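Just so it is clear, the model here is predicted, and its values are computed rather than measured.
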Amino acid sequence: MIHGNFFRLFLILGLGCLAVCFSAWPVLAEDNLDEWYTAAGVAYSSGDPVTAAYYYRRILESPGWEQYDKQINVLRSLGMVEESQARFQEAAQYYEQLMDLLTDRSDPAVEQTYQMYVMRYANCLERTGKYSAANRIYWNVYKESDPAVQITVLRRILQNSGFLQLTPAELNALRQEVIPRYADVLGWDLAELLRLQGRLEDSHALYEDLWRANPDFAREYVPRMVELYSVLGKLDAWVESVRAERMGSQSADTYLLLEVAILKEARRDKEALDEIEKFVLPGKKIDELRSEDYELILTEISSPLLNEWIELVIAQRGTAPGIVILRSLLNLLSLDTQRRKRLSDLYVSAGQTPEALKLWTDWSEVQQGKPFAVLSAAEEIYALGETESARDLLKRMGDQIPPAFALKQGQIAMQFGDYPAALAAFRVAAASGGIPPAMITSTIQNFTETAATRDALVAALVDSASGQSYTDTPEWIKTSLIRYGVQNESKELLGQLAAADPNGVWNFYIANEALQQGNRKWALEMLEAIPRESLYRSMADQALASILKEDASMDAQRRAARLLKPTLEALFSETPAVPLTPSVADTLLDYAEICLNAFDPGEALKAIRVVESATGNLTRPLDSSAGARLAFARAKAMAEMASFEPAAQQLQKLTEPPYGEEARFLLAQISVAQREVETARNQLHRIVEDPQCWRRANDALALLLLLDPLVGDSLNLFCDAVLYQMQGRFEEAIPPLRQLAVNHYGDDLEEWARYYIGKLKMESGDRTGAREEWERLLLDVDQPVIHGLTRWGLLHLDDPVQTPDTVNAQRENLILKLPDTLFADLTRLELQSRGRRAQP
C-alpha cells in the first residue's frame, strides 16, 4: 500500500495549473486613448470582435479612464461585443458599469439610452439563469416606460416568468396588466404562463376567449392547447366548438385549418382528412375529379388548406393518389416549384426516379429564360444523381445568372465540388449587396457538415485569400478558411498564408482557432511566429501565457510570467497606487498565481501588494471569493518563502470553499515540512471526513495513508523532500529521495523514490535529466504500476502540450492495463472528481 500512496503524494505535490485570463492589460496614462478607440471601432465594424474588445479593454483599464470623454461608448461597445459572442456574464458586468455612468446624467436622451441598456443588462442576467433578478429589473422598466415600450417589456416579463414560481398575487398582477390593453397580442403568452404555473382552469378560460377572437393565430398555439385541453378532458368539446364556428362563419377556411391542426396534433389524421374532403369535394370522390374540378379547387380554397389535403391524402392513402393530385395541379400551375419538388420526391419514394428526372429536365427546357427556375432544376437533377446533366445545364446558362441568384449558383457549384467556381459566385453575391456575408458563411458551414473531405475546399479558400491582408479579406472567406483549415489540419496551406503576412495577423487568428479546437501545440507555433514589432504581439504573449500555464514545468510557468510582466510594470511602480477595476485586480492575481507556480514568491508578492494597497481605492469592492483568493495567494507566497508561521495564521482564517479546502491541505503540507506529523495527520483526517471537501479528499487520503507507515529516518527524509519541493528547491529535494532509495534498496519504495526524482527533474525544466532517470528506472523496475507510470511520464516528455481529452484517455488506458492496483483506484477517483467539477 505504501508505494501507491507515495506515488499519489508525488502527483499531488508535483502538479498544478493556474488560470490566466485572456484580457487586456493596464497601460500608461500617457497612452493615446483616442487612437485605441479608433482602432477598436475599425475592428468592430470589420467583424473582428477580438481585436475590438482588446482595444476597448485597454482604454477601460488605463489610468486615464476616469477622465476619458467616451466612457459610455466604450462600455456600450464592450457589452455588445461580449453579448454577440454569448459571453452574457461578462456583458452584464459592462452594462452594469454603463448604467452607473448614465445614472449620474440628467438628459432626456440619456434616459432613453439608459432604459435600453437596462433591458440588455436584464436580458444578459436572464441568459445566465438569474431569472428573479431579471424579472425585478423588467418590472421597474415597465413601470417607468412609455406605452409604446411597455408591450415589449411586458412580453419579456411573461417569457422570463416561466422560469419562476409566481405567487397568486404576482399572477393576478400580470393578468391586470395584460388583459385590459394587450390581450390580443400578449394574452397567448399569459395563457401559457398560467398553464406552466399550474393554473389550468384559468389558462383554459383565457385560451377559449383568444381562439374565438383570432382562430388564424391560434394555430401557432395548438400543441400547447391540445396538451392543456386533453389534461382537462375538454378536447372533444373544443373540436365541436371549432366545427360549429366553421359551419356558421364565412371564414370557413380559417376554422377548418384550425380544426385540422387540432385533429393532427391529437393524432386523429383520418378524421382530419374526412373533414377536409367534405369541404373540398362535396358529393365527389377523389378518383372522379376532372381538370375543371381542380380549377374550381384552386379558386375556392386557400393554398395552406390545399397543402394539408395533399399531405393527408399521401399519409392516409399512399403515394399514387398524391401523384395524381400534384400532376393535375402542375398542369394548371407549371411555375409552382414547391409542388413540383413534392411530386419529384413522391416519384423517388415510389421508385420512379426516371419520371422525376424527366419532370425537371422538361421544366428546365421550358424555363430557359428564367435563371432561378433553371438553377433549381439543375440542383434537383444533381440531387437525383445526374451530375453531368446538371453541369451542362449550368454551362448553357453562362453569364445569364444575375447577381441576385449568385448565392444559389455557388451552392450548386459546391455540391459539384467545383470550389473555385463556388467562391467566385459567392463573391458576386456579396458584392451585390443583397446577400449578407453571414448567409454565405452559413452556406459553406452547411455544406462542410456533410462533406467527406475538406482538402479541396480549404485549398480554394486559401487561394482566394492569398495576396490580401487579413483586414481586406472578406469576412465570409477568412471565417470559413480559418475554421475549416484548422479542423482539417491544413498546416502547410495555412502556414503559407501566414508567412506572407508581415504583421502576423493571420498567425494570431489561426492560433485562436487552433486553441479553441484543442490543438495547443499548433497554437503555440503560430503565436511564437508573430513578429515582435506586430501590434498583435501583446495579445499573442497573453495567449501564449494561457497555453504555457497548462504545462506544469517550472520553466513553462516562468516563461508565462515573463510574457505577462511587461504589461504590469506600470502598476508595480506607480506611487501612489492607481485605482483598480476588479478585472485588473483579477489580472494581477492571475500573474501572482503563475509566479507562485514558478516558485517565485517575491515577484508574486509584488502583484499581491498592488491589489492589497488598492483595496480601498477600487472602482468596485472585491467580492468575497476574490478576497479569499487574495488571502490564499499571500499565504502560499509566505509558505514558499518558508515563513510558515505567518502563512499558517493566514490559512487558518480561510474556511469557505473553494479556498478553504486548499488552505487546509496547504496547512497539512506545512506541518509535514516542519515534521509536525501528528498535527498533519489530524488536519488530513478532518479533510477526509468532511463531505464538503471532495476536491481534496483523495489527495488528503493518499498523504494520510503514506504518513502512517513512515517512521524514523525514512520519515525525516520524506519531510525534507516535501520542504524543498514546496519552495521549488528541486536540486535540494533530490538528495533526500536518493538516500530514501538507498535505505530501501530492493523495495517498492526505492522505485517510487527514483520515479519521483524524474518527476522533480521534469518540473524543474530538466527534461533531459528526467528522461535519463526514467529510462534507467525502466531497466530495473519490477512493480507494474511504476513501470506504467514511468512510460506515461516519458510520453509526456515527448509531447508536453496535450489536451485534457488525451490525458484522460491515457489515464483510462492505464486503468485498463492495471485494473487491480491502488493507482487504478486513485485514477478512477480523480476522473470522477473531475467529472463532478465539470458539472454546472
Side chain to side chain contact (heavy atoms under 4.5 Å, CB included) assessment of K606 paired with E603: CA-CA 5 Å; K606 287 184 183 180; E603 189 66 26; 3.5 Å; yes
What one should report as the nearest heavy-atom pair of F508 and A540 is CE1-N, 4.0 Å
N597 and E593: side chain donor to acceptor below 3.5 Å: no
Out of curiosity, Y54 OH to Q542 CD, how far, rounded to the nearest 0.5 Å? 6.0 Å
D501 side chain to W506 main-chain N or O, any donor-acceptor pair under 3.5 Å? yes
Strictly below 4.0 Å, N to O, side chains only: are E662 and K636 in salt-bridge contact? no
Atom NZ in K521, atom CD1 in I547: separation rounded to 0.5 Å? 13.0 Å
May I ask you to decide if the ring planes of F730 and F599 are parallel, tilted or perpendicular, using 30° and 60° as cut-offs? perpendicular
Please confirm whether the backbone N or O of V742 pairs with a side-chain atom of E750, one donor and one acceptor, at under 3.5 Å? no
Within the 4.5 Å heavy-atom criterion, are L548 and L563 side-chain neighbours or not? yes
Which atom names give the shortest non-hydrogen contact between A721 and A733, and what distance separates them? O-CB, 3.9 Å
For residues L778 and L794, report the shortest heavy-atom separation together with the two atoms involved. CD1-CD1, 3.6 Å
Once you round to the nearest 0.5 Å, how far does CG of L723 lie from CD1 of I670? 10.5 Å
Sub-4.5 Å side-chain heavy-atom contact between I482 and N512: no
Determine, step by step, whether R729 and D720 satisfy the salt bridge (Lys or Arg N to Asp or Glu O under 4.0 Å) criterion, reporting the C-alpha distance in whole Å, the side-chain angles of both residues, the deciding distance to 0.1 Å, and the verdict. CA-CA 11 Å; R729 295 158 60 186; D720 288 342; over 6 Å; no
Stepwise salt bridge (Lys or Arg N to Asp or Glu O under 4.0 Å) test for R681 and E678: CA-CA 5 Å; R681 286 194 181 105; E678 287 305 316; 2.5 Å; yes
Surrounding CG of D713 (heavy atoms of other residues, nucleotides or ligands, distance under 6.0 Å), is the total greater than 12? no
Do the non-hydrogen side-chain atoms of E751 and Y755 ever get within less than 4.5 Å of each other? no
Given side chains that start at C-beta, do those of N519 and V486 come closer than 4.5 Å, heavy atoms only? no
Closest approach of A741 and A753, non-hydrogen atoms and distance? CB-CB, 4.1 Å
Spacing of L666 atom CG and F644 atom CZ [to the nearest 0.5 Å]: 9.0 Å
Walk me through it: do V610 and L568 pass the test side chain to side chain contact (heavy atoms under 4.5 Å, CB included)? CA-CA 10 Å; V610 170; L568 301 173; over 6 Å; no
Grab the two heavy atoms, one from A628 and one from Y659, that are nearest each other, plus how far apart they are. CB-CD1, 3.9 Å
Examine distances only and state if a side-chain atom of R537 and a backbone atom of I530 form a donor-acceptor pair shorter than 3.5 Å. yes
Should the pair R609-E612 be classified as a salt bridge under the 4.0 Å nitrogen-to-oxygen rule? no
Sub-4.5 Å side-chain heavy-atom contact between Q557 and L596: no
Can you check side chain to side chain contact (heavy atoms under 4.5 Å, CB included) on Q517 and W522, steps first, answer last? CA-CA 10 Å; Q517 295 189 25; W522 189 6; over 6 Å; no
Rounded distance [0.5 Å steps], CD in E661 versus CG in L654: 12.0 Å
Using a 4.5 Å cut-off on heavy atoms from C-beta on, say whether the side chain of L564 contacts that of D541. no
Rounded to the nearest 0.5 Å, the CD atom of E513 sits from the NZ atom of K478 at a distance of 14.0 Å
Is any side-chain heavy atom of I734 less than 4.5 Å from a side-chain heavy atom of K761? yes
Quick one: does any side-chain atom of N503 pair with a main-chain N or O of S534 as donor and acceptor, under 3.5 Å? no
Pair R629 + D590: basic N to acidic O under 4.0 Å: yes
Keeping the roles fixed (side chain from E773, backbone from K759), state whether a donor-acceptor pair exists under 3.5 Å. no
Apply salt bridge (Lys or Arg N to Asp or Glu O under 4.0 Å) to residues D780 and R754 and explain how you reach the verdict. CA-CA 11 Å; D780 303 329; R754 291 173 61 186; 3.1 Å; yes
R634 versus Q650, side-chain donor and acceptor atoms under 3.5 Å: no
Evaluate N743 against Q739 for side-chain hydrogen bond (donor to acceptor under 3.5 Å, both in side chains), listing each step before the verdict. CA-CA 6 Å; N743 292 352; Q739 187 60 51; 2.9 Å; yes
Enclosure of E731 CD (heavy-atom neighbours >12, cutoff 6.0 Å): no
Mind telling me whether Y509 and Y470 have parallel, tilted or perpendicular rings, with 30° and 60° as the class edges? parallel
Report yes if some heavy atom in the side chain of R454 is under 4.5 Å from a heavy atom in the side chain of R483; otherwise report no. no
Would E645 and Q674 count as a side chain to side chain contact (heavy atoms under 4.5 Å, CB included) here? Give the steps. CA-CA 10 Å; E645 289 305 319; Q674 292 182 304; 3.9 Å; yes
Scanning both residues in full, the closest heavy-atom pair of T679 with S671 reads CG2-OG, 3.7 Å
